[in-house]
Every structure is written in C-alpha cells, then in structure tokens.
Amino acid sequence: METFGERLHAAVAERGPLCVGIDPHASLLARWGLSDDIAGLEHFARTVVEALADRVAVLKPQSAFFERFGSRGVAVLESTIRQSREAGALVLLDVKRGDIGSTMAAYADAYLSPASTLCADAITVSPYLGVGSLQPAFDSAAAHGGGVFVLALTSNPEGPAVQHAVTSSGKSVAQTVIDEISQVNAGAQPLGSLGLVVGATIGETGHDLSKVNGPLLAPGLGAQGGTPDDLRAVFGESLHNVLPSYSREVLAAGPEIGELRAATDRVLAGVRAALG
Ligand SMILES: O=c1ccn([C@@H]2O[C@H](COP(=O)(O)O)[C@@H](O)[C@H]2O)c(=O)[nH]1
C-alpha cells in the first residue's frame, strides 16, 4: 500500500504544489447567486469539484461550512469527498479534531477508515490535548495509507499567544509539536505522511522546520493577506515541502468553471514562481 506521503509527492509532481479549499461561506453562496441552504451548498460544492478535482493536487473541504446545514450538509460533504477522489484529487478534510484515547480513535475511524463514508485522504488535527493524544489518528493513517496535518503555527493572529509560549523544556509549544512530528517522519521517503499546518501569514518566527520531512500546509494566502513572496520568510530552506493553500481567493472567481480554473492557474503560477 502506498503511503500518503508517497501519494502526495506524486500528485504534486503531476499537478503542481497547490491545495484549494472548498469553503462554502454564506457570502460566497450569495456572490455566486445561490441560496444559503442545502441546494446552494450542493450546487457550490459540485461546481468546485467539476472545475478542479481533475487538475488540482489537493482539495480541502472545510467541514464546518457543511456541518452548518446539519445531517444534510454532512451528506453533501460525503459526496464532495467521494467525487473529488474519484476525479483524482487527494482530499484533505479540514476538521481540526483533537481528543483523547478512544474518542480520538473514533474520530480517526470517522475520517480515515475506508469503512466510513466520510473517509478522506488526510485530515487536520489539533495537538492541544498533547501530540501523544493524536496517536490513534497517526495509527489509523499508517494502517490505511492516510495522512494527518497537525496545527503548529496557525495563520490567525490569536495563534502565537499559545503556540509561541515556552514550555518547561525551554522550547515553544509549536517547536515541541514540530519536533514530535519530525521524529515520526524521520527516514520516510520521499516524504512522511504526517504534515504540519504553518500559516503563510506568520513571518519569520525562528521556529526550526528543517527536520519535519513531511508536508507543510500553508493556509493564509490570498484572502488573509499572505502572498507567495511571504513563503520564503516563513519556510526558508523547507520551501520544497510547502503545500500552499487558497480558499476564498480562488472560490470568489466562480461560479463559472472557466473562471475557477483560470484563478487556480493564476495562483499556481504565483506559488510555483515563489517555491522555485
Ligand atoms: O492556520 C490555519 C489553519 C486552517 N485554516 C483554514 O484554511 C482555510 C483558509 O481560507 P481562506 O479563504 O484561504 O482564508 C479556512 O478553511 C481555514 O479554516 C487557516 O486559514 N489557517
């Protein structure tokens, strides 16, 4: 069985280093002339999949915007994941889950087990109950060829108050997360299956990402103000493992499929130039 790291490496080589988020904000539904209800959600998600799933390496549905509509929204999320994967995109489900023991194991079953209708290629998780509490997700990912992206240095301005705090070991909380994930990924070829989330907006923070040996998801580009030029300052020598992620910047170009594709081509050209 191929690992997620292998699959992601191949997808990026074939389609380019880009993740596009599927975030059906109420404001985007309105901008597309859609109703803020289950029919609007379904149309929006289906259009993005039709436009991009056969050409973008990774699609990242934001679970919250589907859950907003209850069980019918979750059903749309299920079909969005399935259709995206069938069209060849890897699906990173942005759910930012984090819990302990058997509860974390149940989340892992929900999102990483092929037996679940919500099974994605990878998920985002939160390490603030301790990185060790995420072990069931790491185990499930390893068993099924999936991936897990752990929040490390997030793109929001509130993040540093927690993530830069120094622990009793003398390291920051974020560096502790980075180092624990680096240990698991050590030696994996061409890339480990555990990734980190590091915002494109954070600037030079002095954190050492050089040993991660896994994908570095970079949200915060476009609508949050981050630019491809910011990536060098944030990632330095680790640029080769960066997976830039845009949501609103691309989605605002819809609803025309050609416009969504053109916006995607434009941001991909920008990040390619920055990543070198
Ligand atoms: O640090 C983080 C982690 C996750 N996100 C998510 O990415 C998208 C960003 O959307 P844009 O429209 O490109 O701003 C959204 O789903 C966030 O929840 C993040 O922004 N920062």
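Below, each value reflects all heavy atoms present in this structure, side chains not excepted, and no hydrogens, waters or symmetry copies. Just follow the structure's listing: the first ligand is 1, and inside any ligand the first atom is 1. All figures in this text were calculated on a predicted structure; none of them were measured in a lab.
The closest protein non-hydrogen atom to atom 7 (O) of ligand 1 is K60 NZ, 3.1 Å. Scanning all protein heavy atoms for the shortest distance to atom 13 (O) of ligand 1 gives S247 N, 3.0 Å. Given atom 16 (O) of ligand 1, the protein heavy atom at minimum distance is D23 OD2, 2.6 Å. Summary of contacts: the protein heavy atom closest to atom 1 (O) of ligand 1 is S155 N, 2.9 Å. Taking atom 20 (O) of ligand 1 as the reference point, the nearest protein heavy-atom neighbour is Q224 NE2, 2.7 Å.
Ion pairing between a basic and an acidic side chain is recognised when a charged N comes within 4.0 Å of a carboxylate O; D208 and K171 show no such pairing. The pair E50-R46 does not meet the salt-bridge criterion, since no charged nitrogen lies less than 4.0 angstrom from a carboxylate oxygen.
Proximity of H25 to ligand 1 is not established, as no heavy-atom distance is less than 4.0 Å. Using 4.0 Å as the threshold, E249 has no heavy atom nearer than that to any atom of ligand 1.
Considering all non-hydrogen atoms of both residues, S133 and M104 come closest at O-CG, 3.3 Å. Taking each heavy atom of A152 and Y128 in turn, the nearest pair found is O-OH, 4.0 Å. Nearest heavy-atom pair across L29 and S35 is CD1-O, 3.9 Å.
Counting heavy atoms under 4.0 Å from ligand 1, residue D94 touches it through the side chain alone. Counting heavy atoms under 4.0 Å from ligand 1, residue P219 touches it through the side chain alone.
Residue-environment remark: CZ (R15) exceeds the threshold of 12 foreign heavy atoms within 6.0 Å.
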_side-chain contact (heavy atoms from CB on, under 4.5 Å) assessment of Q62 paired with S247_ = CA-CA 9 Å; Q62 171 51 260; S247 299; over 6 Å; no
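Residue R248 has at least one heavy-atom neighbour below 4.0 Å for each of these atoms of ligand 1: 11 (P), 12 (O), 13 (O), 14 (O). Which parts of ligand 1 touch K96 is read off a 4.0 Å heavy-atom cut-off, strictly below it: atoms 3 (C), 4 (C), 5 (N), 6 (C), 18 (O). The distance from ligand 1 to the heavy atoms of T154 drops below 4.0 Å at these ligand atoms: 1 (O). Below 4.0 Å from some heavy atom of V197 lie the following atoms of ligand 1, by number and element: 1 (O), 3 (C).
I202 places none of its side-chain heavy atoms less than 4.5 Å from the side chain of Q163. For the pair L221 and E249, the minimum side-chain heavy-atom distance is 4.5 Å or more.
When only interatomic distances are considered, the shortest N/O to N/O separation between Q62 and ligand 1 falls below 3.5 Å.
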